[in-house]
Amino acid sequence: MAEVKKEKKATNEESVKLFVGQVPKHMTEAQVLAMFEEFALVDEVNIIKDKATRASRGCCFVICPSREEADKAVSACHNKKTLPGASSPLQVKYADGELERLEHKLFVGMLPKNVSEDDVSALFSKYGTIKDLQILRGSQQTSKGCAFLKYETKEQALEALEALNGKYNMEGSSVPLVVKWADTEKERQARRAQKVQSQASNMPNADSPHPSLFGALPMGYIPPYNGYGYQAPGSYGHMQYRLRPMQNQPAFNNMIPSVNQGNSLRGITPDLASSISPRNYAVPPTSYVGSAYPPVSGLQYPMAYPGGIMGHRPLTGSPGSVPQANASSNSSSSSPVGANSGGQIEGPPGANLFIYHIPQEFGDQELANAFQGFGRVLSAKVFVDKATGVSKCFGFVSYDSPEDAQNAINMMNGFQLGGKKLKVQLKRDNKQNKPY
DNA sequence: TCATATT
């Protein structure tokens, strides 16, 4: 009764948890275990699964009985083999926080500014062997009054913590030391993300148009007439220059019934309409005008934008029907792109693009919008810094046909969007020669 | 400047 129920596998202080990525989703824990046991002792394998669907997320944890065994698994497998079905080699590394857990790292605060490493070392050595010690210093090497300190074992660190935290004043100090476990990387990331978030919400005009978007557009550009869409000049009356899609607004790209388009003719100035009317265009029959609609939710572009408005190729045979990826199903809940902007869906070889110099404020949806004029966008992914959420300004767009991708390259490579010209190329392929 | 993911 006083017995504490043990986990069925004893994962003790010495155990090391490894994170393994690029595990094909169909693999079982037993299969992963069998593979790793060839190289190291393994206590346990846990496939990481989607909370809702229970489907594998393509990665797992592997628990080894010691650091030595874990290191064997890492050096034998990390980037060393590509499992059948995976797109890149196995990733094997210490799980988040695992290295820190093994470091036994303490934060020491309230140090007098004039104490040296030796002073700190002299005090803390009483509790164990110090593996690493640094006092944080400013630009002039002036102490910031705190330090990080690693012990050989957790017991030693804990002993120091309990003996000194809030209880010991260093010489000349009127306040006791603060000794606590150092923040983990995860905690620091969370803090940083929090900070970014609060800064972003204080940004003035967060929703305003991209300042350089208009000026950057090549207004003289004449898109190829594809026999399909024609944008009535009046439709500019309801362009929205939001950079972020509005929350809780159904994605209406490609789905506005033509009967609604009359609304778009309201509220425009005739002068503006005629000044931007496409004199040089092969103007399609007016019966097609009814099929003009805002091609995207969120960010939209003036007519001269190569991929927008004019750019849809017919996906179905009949003129005037609404081109959309999922024409046969699904009425309103999701846009074709929105559902697939996670980045995991790749098109056939030659249909996947790598894009650089994406404007900072573009997310997956904005990227998809910018490229959806050339074909069916299977997925669009802008990469963001894991810690800060800030765009890395590059990403991927996948089409279902190489011709669409090539067309997008022709039209969009060098296209100025924001302050810079896009670089649009075929994605490098690391999946060429797969093992059997 | 070329692919994530952390029960």
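Proteins get letters first, then strands, A, B, ... in listed order; numbering begins at 1 in each.
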Return the value, rounded to whole Å, for the distance between atom [atom1] of [X] and atom [atom2] of [N].
| X | N | atom1 | atom2 | value |
| --- | --- | --- | --- | --- |
| F383(A) | dT1(B) | CZ | P | 14 Å |
| K49(A) | dT6(B) | NZ | P | 15 Å |
| I48(A) | dA5(B) | CD1 | P | 11 Å |
| Q91(A) | dT4(B) | CD | P | 7 Å |
| K25(A) | dT4(B) | NZ | P | 12 Å |
| I63(A) | dT7(B) | CD1 | C1' | 10 Å |
| L18(A) | dT7(B) | CG | C1' | 15 Å |
| K427(A) | dT1(B) | NZ | P | 17 Å |

For the side chain of [X], starting at C-beta, report the closest nucleotide among [options].
| X | options | result |
| --- | --- | --- |
| Q22(A) | dA3(B), dT4(B), dT6(B) | dT4(B) |
| E346(A) | dA3(B), dA5(B), dT1(B) | dA3(B) |
| N46(A) | dT1(B), dT7(B), dA3(B) | dT7(B) |
| S398(A) | dA5(B), dC2(B), dA3(B) | dA3(B) |

Inset, instruction - Could I get the full list of side-chain hydrogen bond (donor to acceptor under 3.5 Å, both in side chains) partners for D71(A), not counting sequence neighbours? - result: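 side-chain hydrogen bond (donor to acceptor under 3.5 Å, both in side chains) list for D71(A), sorted by chain: Y94(A).
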Legend entry - Near-parallel close stack of F396(A) and dA3(B) base (under 5.5 Å, under 30°):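 Yes; centroid distance and tilt both under limits.
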Inset, instruction - Tell me, please, which residues at least two apart from E103(A) pass salt bridge (Lys or Arg N to Asp or Glu O under 4.0 Å). - result: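 Applying salt bridge (Lys or Arg N to Asp or Glu O under 4.0 Å) to E103(A) gives K150(A).
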Pick base, sugar-phosphate or nothing for [X], based on heavy-atom distances below 4.0 Å to the nucleic acid.
| X | answer |
| --- | --- |
| K51(A) | nothing |
| Q425(A) | base |
| K93(A) | base |

Legend entry - Any donor-acceptor N/O pair under 3.5 Å between dT7(B) base and K17(A) side chain: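 Flag set: donor-acceptor pair detected.
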Inset, instruction - Measure up the F354(A) and F394(A) rings against each other and bin them: parallel (under 30°), tilted (30 to 60°), perpendicular (over 60°). - result: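 Tilted.
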Legend entry - Nearest-0.5 Å distance, CZ of residue F362(A) to CG of residue L422(A):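 One finds 8.0 Å between CZ of F362(A) and CG of L422(A).
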Inset, instruction - Tell me whether the OP1 or OP2 atom of dT7(B) has a side-chain N or O from R57(A) closer than 4.0 Å. - result: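 No, no such contact exists.
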Inset, instruction - Please confirm whether the backbone N or O of S379(A) pairs with a side-chain atom of Y399(A), one donor and one acceptor, at under 3.5 Å? - result: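 Here the side-chain-to-backbone pair does not exist.
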